[in-house]
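No hydrogens, no waters, no symmetry mates; every other heavy atom, side chains included, goes into these values. Chain A is the first sequence line, chain B the second, and so forth, proteins listed ahead of strands; every chain is numbered from 1. This is a predicted model, so every value here is computed, not measured.
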2 protein chains.
Amino acid sequence: MELDERKIKILDTIIRTYLETGEPVGSRTISKYTDLNLSSATIRNEMSDLEDLGYIIQPHASAGRIPSDKGYRFYVDHLMTEKDKEISDMKDFVIEHTERMESVLKQVAQMLAQTTNYATMITSPVKKNNAIKFVQISKLDEEQLLAVVVLGGNVVKNKVINLTEPMDNETLMKLNFLLNNSLNGKAPMDISLGIISGLKEQAGEHVDIVSVVLDAIAETITQEDLEVYTSGATNIFKYPELSSSENVSNLIYALEEKKELAEFVSENADSDEEIKVYIGDESDIKTMKDCSVVTATYDLGEGMKGTVGIIGPKRMDYEKVLTNLKEIKKQMNGLFNNTKTKGIEVKSDGE
Amino acid sequence: MELDERKIKILDTIIRTYLETGEPVGSRTISKYTDLNLSSATIRNEMSDLEDLGYIIQPHASAGRIPSDKGYRFYVDHLMTEKDKEISDMKDFVIEHTERMESVLKQVAQMLAQTTNYATMITSPVKKNNAIKFVQISKLDEEQLLAVVVLGGNVVKNKVINLTEPMDNETLMKLNFLLNNSLNGKAPMDISLGIISGLKEQAGEHVDIVSVVLDAIAETITQEDLEVYTSGATNIFKYPELSSSENVSNLIYALEEKKELAEFVSENADSDEEIKVYIGDESDIKTMKDCSVVTATYDLGEGMKGTVGIIGPKRMDYEKVLTNLKEIKKQMNGLFNNTKTKGIEVKSDGE
DNA sequence: TGTTAGCACTCGATAATGTAGAGTGCTAAC
DNA sequence: GTTAGCACTCTACATTATCGAGTGCTAACA
């Protein structure tokens, strides 16, 4: 038995109706709301076939049918048409690119959560093997130095170094020259033991300072930089199929904890261009087996890439979600490239 | 009618029992589990009095009694004894003070949420009217400058400035001298229009650069710096009285959104030393009218103060919570003061 | 005057029962 | 191949009954 024209049309109607209403779809509904002019009995036969083929499921004996994961997958791959017209809800939103990156990301997540009514996440942009652009040590006061390291894409790292004894200006300049000379243009991954020991040798009595700077640089390559921002976790409560049982607790925990999300993102960040849809088990996050996850990669330019995603019920409005994510992608891509004239980035650290 | 010895003892027992079980306490229970040797009938009379006095409430006609807000308040103020012995669960936790501040705060919030089983929050340490310690502009490349501003407590801010035309080293030095001269030692609030215009005048053709730096400094005084970290939001699900109805959604939203929390903290940050308990409506957060909020102020030294707090059901284990918060306070206070030898703080920004 | 036993009463929680409606599968007829 | 008709299933919802915990009140007691 194969999927013929008619079966597809019926499947399409079932899914679309279910996406709207969230309730099992019966044969009579289909019979009425399609132009097939078939009686409910005929539809019933077809639906029985569709169930055998695995595209739809009957929650219980006397209920209508709902799409299975396979059904959703078919819908996303073949039936869905993206409604490029209706992006009006997103057009209003223009990213304020004068803001700090962190606040931009939070904004995007919030806005997306608001317009879609799903939970959202967005990761900070990262660049693999980001080269060091600039290293500088300055004297804060007699007891403290400030080390500043700038990587490609203007990722700035600071570290305050406490001195045990004062340092004169000449030494400071020497150290700065030394550090820049050995480290500039190098990616943290490429800093070999050879470079390090050479550097330390030349530093003489100030080895410890060099060590601290190197430590700071080392931290930049640790994955912990993949910050994940989430928003709209409470949207989950809008979907009974997600908010019943202890499902909610686990889901919200995952959104709060973010660790699993970060892992998921880093595992799936390989193929860029595409927007990806994970239905149910397709994402490897156990707590999200009843959800669909849709992710998109954005590219700020200079190799800075991040992921933005939506977490919602399987019966999410895929068309709207894809359209919105595309719009976000576009806006984010433009964000950095077209605004060379503006300074970005201010960030605070308490000690 | 007044609270005599016996009424207090009964009230104490009611509250303690309710804290444990979470269920309305009946007269018979009290009669059995106190050494008063009174029949349930007598207890009933006393409980009726206690209800008239407003210390306990009857959820419905044929149920036992539960403490009212006034009852909890009395308990916290007069009955509770902090169990200083049982801090074993916290003793294990030692803050890793080599970490970045942000991660320390997240750790503390998480740990506290885990040991208490309530939701927790912690704010980044801030210093009122923090004086500028150090200003520096460096050349990243031909097109970009990096502005670094360090405030007291080693709060570091960075801003990348895009140049329209190259800048020679001499001008850079001049600007640096100028900026440090006019701004060093000044709190952002104290930078008068006079200083600004004087600065801009001296800057000559590089007014725009000075403006950017001033903007960066201006941002430091905006309240947005009060970062709030939360953890354990899903602990709410452990308490039926909080997790029923749409209560949960609002509560979790408040914990996710954090804005209300930030406002609450800044409004109540005045009197330091104390640990404060807000029962029900006593905190002005509407969504938390069914919760108790306990906050403590920690002091990292150099005037850097923050707030750590716990949000739980009214029937929270106040004794344990207070003890834990005191321990956190102690550890946080020691964190910065005793570790002058260690450098802290590395922080990244993508542009 | 304070304490107690006894009893009727209230109310929530739970289970049992009944009913209505939606939807199916099957069969026989078109 | 399509359809009408019918018996059947199952959920959702409302109704009712039952149980137990707990109270308030009264009358008796020390």
Could you pull out the closest heavy-atom pair between B:Y118 and B:V321, with the gap in Å? CE1-CG2, 3.6 Å
Report the distance from atom [atom1] of [X] to atom [atom2] of [N], rounded to the nearest whole Å.
| X | N | atom1 | atom2 | answer |
| --- | --- | --- | --- | --- |
| B:M47 | D:dT23 | CE | P | 5 Å |
| A:E51 | C:dG23 | CD | P | 15 Å |
| A:H60 | C:dG25 | NE2 | C1' | 15 Å |
| B:D4 | C:dG2 | CG | P | 11 Å |
| B:E46 | D:dT23 | CD | P | 13 Å |
| A:D52 | C:dT24 | CG | P | 14 Å |
| B:R65 | D:dT23 | CZ | P | 6 Å |
| A:E23 | C:dG21 | CD | P | 16 Å |

Is the distance from OP1 or OP2 of [N] to the nearest side-chain N or O of [X] less than 4.0 Å?
| X | N | answer |
| --- | --- | --- |
| A:R28 | C:dT24 | no |
| A:R6 | D:dG1 | no |
| A:S48 | C:dT24 | no |
| B:S39 | C:dT3 | no |

Within-4.5 Å side-chain heavy-atom neighbours: A:L112 and A:V308: yes
Check against side chain to side chain donor-acceptor pair (under 3.5 Å), A:K238 and A:N117: CA-CA 8 Å; A:K238 291 176 180 158; A:N117 275 315; 2.7 Å; yes
Between [options], which nucleotide gets closest to the side-chain atoms of [X]?
| X | options | value |
| --- | --- | --- |
| B:L38 | D:dT3, C:dA22, C:dT4 | C:dT4 |
| B:Q58 | D:dC10, C:dG25, D:dG24 | D:dG24 |
| B:S62 | D:dT23, C:dT4, D:dA21 | D:dA21 |
| A:N45 | D:dT11, D:dT3, C:dC11 | D:dT3 |

Check each of A:Y318, A:Y278, A:Y72 against A:S292 using the side chain to side chain donor-acceptor pair (under 3.5 Å) test, and report the only one that passes. A:Y318
Partner of A:D69 under salt bridge (charged side-chain N to carboxylate O under 4.0 Å, His left out), chosen from A:R315, A:K314, A:K289: A:K314
Where do A:V248 and A:I236 land on the side chain to side chain contact (heavy atoms under 4.5 Å, CB included) test, with the steps shown first? CA-CA 7 Å; A:V248 223; A:I236 289 172; 4.0 Å; yes
Paired with D:dG24: which nucleotide, if any, by Watson-Crick or G-U wobble criteria at under 3.5 Å for both distances? C:dC7
Considering every strand shown, what is the Watson-Crick or G-U wobble mate of D:dC10 when both distances are under 3.5 Å? C:dG21
By nearest-heavy-atom nucleotide on DNA chain C, the more 5' of A:A41 and A:T29 is A:T29
Is there a donor and acceptor pair closer than 3.5 Å between the side chain of B:R44 and the base of C:dG6? yes
Select base, sugar-phosphate, or nothing to describe what B:S27 touches, counting heavy atoms under 4.0 Å on all strands. sugar-phosphate
